[in-house]
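Note that this is a predicted model, so its numbers are computed, not measured.
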Amino acid sequence: MNRNLLRSVREYKRETFLTPVFVALEVFMEVLIPLLMANIIDVGIAGGNLSYTVKMGLLLVALALIALFFGVKSGQLGAIASAGYAKNLRHDIFYKVQDFSFGNIDHFSSSGLVTRLTTDITNVQMAFMFTIRLLARAPIMIVLSLIMTMTISIPIAIMLLITVPVLGGVLLILAKKAHPHFVQVFDEYDVLNNTVQENVNAARVVKAYVREEHENEKFGKISTIVFDLFTKAEKIVAWNAPIMQFTVYGVVLAMVLIGGKSIIGGSMQTGELTSVIVYAIQILSSLMMVTFVFVQIMIAEASTDRISEVLNEVPEMEDAADAVTEVPNGDIDFEHVNFSYSGEGGNLSLKDVNLHIKSGQVVGIIGGTGSAKSTLVQLIPRLYDVTEGSVKVGGIDVRKYSLKSLRDQVSMVLQKNVLFTGSIYENVRWGDENASDEEVQRVCQLAQADSFIQEFPQKYDTMIVEGGNNVSGGQKQRLCIARALLKKPKILILDDSTSAVDTKTDALIRQAFREEIPDTTRIIIAQRVSSVEDADMIIVMDNGRIDGIGTSEELLKTNAIYREVYESQVKGGTGNESAEESK
């Protein structure tokens, strides 16, 4: 097992230690039982000594009950230890992911993280339980049974000493051949989970375009790949049982032959032969157990590597020991900022951006698709770090703030709106978990969400299903805006967050902002000129650069891109008045 992962055992060390202890005690009892059976046969039954037979029989029952107790106890402790270990691993991975920046998250697919938290941890849990129980049991059983066999028959013990390593080597070779197939399976599991997740999330689109057959075929292909890989691995592992059975029967026949001659010769008794056969079966069964555990460990090894990838990922953003915890105001400064999603040496998404925004200003950002509008604003709350230059908030480089303090004061409604399972109250309180009902209702009124909420039978107690699929796009946007407002931030960023509402509602939201949060710096990314036309400053982005800055009137005179957009929307009458109406 990976040592780094074993740190997650933590408070379950006691159960982890006691499990093999009770296993050893159970094995010790089981090894004594065949010896008592031999005495019952050779002394009690053969000698006609009924009292001895009864006495040894009672002792045999007592040993069996003690072995049962130790076995149950080891099973209970092993279950607690393995389940606790898995619980801690899930905790560690989940909490690790919470510390990831967007850059870290980009290294892993969402389906890959889900597979690690489910299938991979289950594999590691099973391997851990088998290790502390079966792998602890098998070597002790083999050694003690061999010792007992030597006290009865040296030739049979020698035969077993030869058989064990040969059989063990064959079984381990089979396990190693199966291992690569198991490794491939878990990579394909990621693809399978991603296919299922994508299909479920986009179920409405699939049905709208009548693409069920295509999705079934896509799922069928990846499912078949997983099936084929598992089949290949299991076909190899399946040889374990027949090889084991053939060896067991062959060894038993050889022992009967050797033991029969010894009994005839008077050097061995019938009961001793019986006990030797039991010891041989115990030895070979334990060997089979070792190979089974070895296969499980090899399966878990692939899962261990995948889990370690997450746990060993170094968060790109960590708070300094002397991190600033107070954001003085909503001033924003970009100073010669270059940014690449690939880091230094990668293609630049932002190029030499210089920008100065005063606290309380309303700033609009427009530009074509791929002009890096969203990239620009994501640097403000430090969702990504600049590649070169600096971004300052309140006159302080964002890298000097604690992430919590910075993001508490920079409230951002991302381009992709996400709601969580729970009531409207619970979703909006993501902005402030201690907010009163009145505060929640107030920000919903500012975001023009209160009107449609009042139409629901349960009003603010209405349950939002996963992903917010039971509300419209415009309703979802307004709830997300309300959630951001509840934080009472110094900077509010709306990344194309009113695209699904009509122009009237958009205007009402902007008016509420002007009246209720005049001191908050507001940055509005929009496709509609009407959404930013009255801003104090409009930034025109083009291919990662700032192409123009000014008011609407100024840009109409000096900037060709803004003028083209303005004329196509305002003069052309395509101001998106037909956007989804408020409910």
Euclidean distance, Asn49 CG relative to Ile40 CD1, rounded to 0.5 Å:
11.5 Å
Could you give the distance from OG1 (Thr122) to CD (Gln125), rounded to the nearest 0.5 Å?
6.0 Å
Nearest-0.5 Å distance that lies between atom CE in Met37 and atom CG in Leu63
12.0 Å
Take a 6.0 Å sphere around NZ of Lys400 and say whether it holds more than 12 heavy atoms from other residues, nucleotides or ligands.
no
With a 4.5 Å cut-off on side-chain heavy atoms, are Met412 and Gln378 touching?
yes
Rounded distance [0.5 Å steps], CD in Glu30 versus CG in Leu68:
10.0 Å
Under the side-chain contact (heavy atoms from CB on, under 4.5 Å) rule, what do Gln458 and Ile424 come out as? Steps first, then yes or no, please.
CA-CA 10 Å; Gln458 301 298 319; Ile424 291 176; over 6 Å; no
Could you go through the side-chain contact (heavy atoms from CB on, under 4.5 Å) check for Cys480 and Leu419 one step at a time?
CA-CA 8 Å; Cys480 290; Leu419 295 176; 3.9 Å; yes
Is any side-chain heavy atom of Ile464 closer than 4.5 Å to one of Lys476?
no
Nearest heavy-atom pair of Ala254 and Met159: which atoms, and what distance?
CB-SD, 3.5 Å
Is the shortest distance from a Lys or Arg side-chain nitrogen in Arg137 or Glu26 to a carboxylate oxygen in the other one below 4.0 Å?
yes
State the CG-OG1 distance between Leu311 and Thr304, to the nearest 0.5 angstrom.
10.5 Å
Classify the ring geometry between Phe339 and Tyr341 as parallel (under 30°), tilted (30 to 60°) or perpendicular (over 60°).
perpendicular
Please find the pair of heavy atoms, one from Thr19 and one from Gly78, that lie closest to each other, and give the distance.
OG1-N, 3.2 Å
Would you find more than 12 non-hydrogen atoms of other residues, nucleotides or ligands less than 6.0 Å from Lys232 atom NZ?
no
For Thr16 and Ile132 the tightest heavy-atom approach is CG2-CG2, 4.0 Å
Close side-chain approach of Val9 to Phe128, heavy-atom, < 4.5 Å
yes
Quick check: do Leu60 and Ile33 have side-chain heavy atoms less than 4.5 Å from each other?
yes
Side-chain heavy atoms of Val170 within contact of Trp239, under 4.5 Å:
no
Within the side chain of Arg399, is there an N or O that forms a donor-acceptor pair under 3.5 Å with the backbone of Asp385?
no
Flag if over 12 foreign heavy atoms under 6.0 Å of OH, Tyr425:
yes
In short, side-chain hydrogen bond (donor to acceptor under 3.5 Å, both in side chains) pairs touching residues 144-173 with sequence neighbours left out are Ser145-Gln282
Closest non-hydrogen atom pair between Ser286 and Met141, with its separation
OG-CG, 3.0 Å
Side-chain touch Arg10/Asp92, heavy atoms, less than 4.5 angstrom:
yes
For the pair Val324 and Leu406, evaluate side-chain contact (heavy atoms from CB on, under 4.5 Å) and give the outcome as yes or no after the intermediate values.
CA-CA 9 Å; Val324 179; Leu406 175 65; over 6 Å; no
Should the ring pair Trp430 and Phe420 be called parallel, tilted or perpendicular, given that the plane angle runs from 0 to 90° and is split at 30 and 60?
parallel
Heavy-atom closest pair (Ala323 atom, Ser402 atom, distance to 0.1 Å) is CB-N, 3.6 Å
Do side-chain atoms of Arg483 reach the backbone of Gly431 as a donor and acceptor pair under 3.5 angstrom?
no
Could you check if a side-chain atom of Leu6 sits within less than 4.5 angstrom of a side-chain atom of Tyr85, using non-hydrogen atoms only?
yes
With a 4.0 Å cut-off, would you call Lys218 and Glu215 a salt bridge?
yes
Taking all heavy atoms of Ser423 and all of Met463, pick out the closest pair and write down the distance.
N-SD, 3.6 Å
Glu433 atom CD, neighbour heavy-atom count above 12 within 6.0 Å
no
Between Lys404 and Asp408, is there a salt bridge with N-O shorter than 4.0 Å?
yes
Within a reach of under 6.0 Å around CD of Gln98, are more than 12 heavy atoms found that belong to other residues, nucleotides or ligands?
yes
Rounded distance [0.5 Å steps], CG in Asp461 versus CD in Glu426:
8.5 Å
Using the test salt bridge (Lys or Arg N to Asp or Glu O under 4.0 Å), find all partners of Arg133 that sit at least two apart in sequence or belong to another chain.
none
Heavy-atom count around Arg14 CZ within 6.0 Å, excluding the residue itself: above 12?
no
Do Leu35 and Tyr279 pass the side-chain contact (heavy atoms from CB on, under 4.5 Å) test, and can you show the C-alpha distance, the side-chain angles, and the key distance before you say yes or no?
CA-CA 9 Å; Leu35 185 63; Tyr279 285 135; 3.7 Å; yes
Between Ile277 and Ile281, is any pair of side-chain heavy atoms under 4.5 Å apart?
yes
Regarding Thr375 and Tyr384, is there a side-chain donor-to-acceptor distance under 3.5 Å anywhere?
no
Check: Lys96 side chain, Glu313 main-chain N or O, donor-acceptor pair, under 3.5 Å
yes
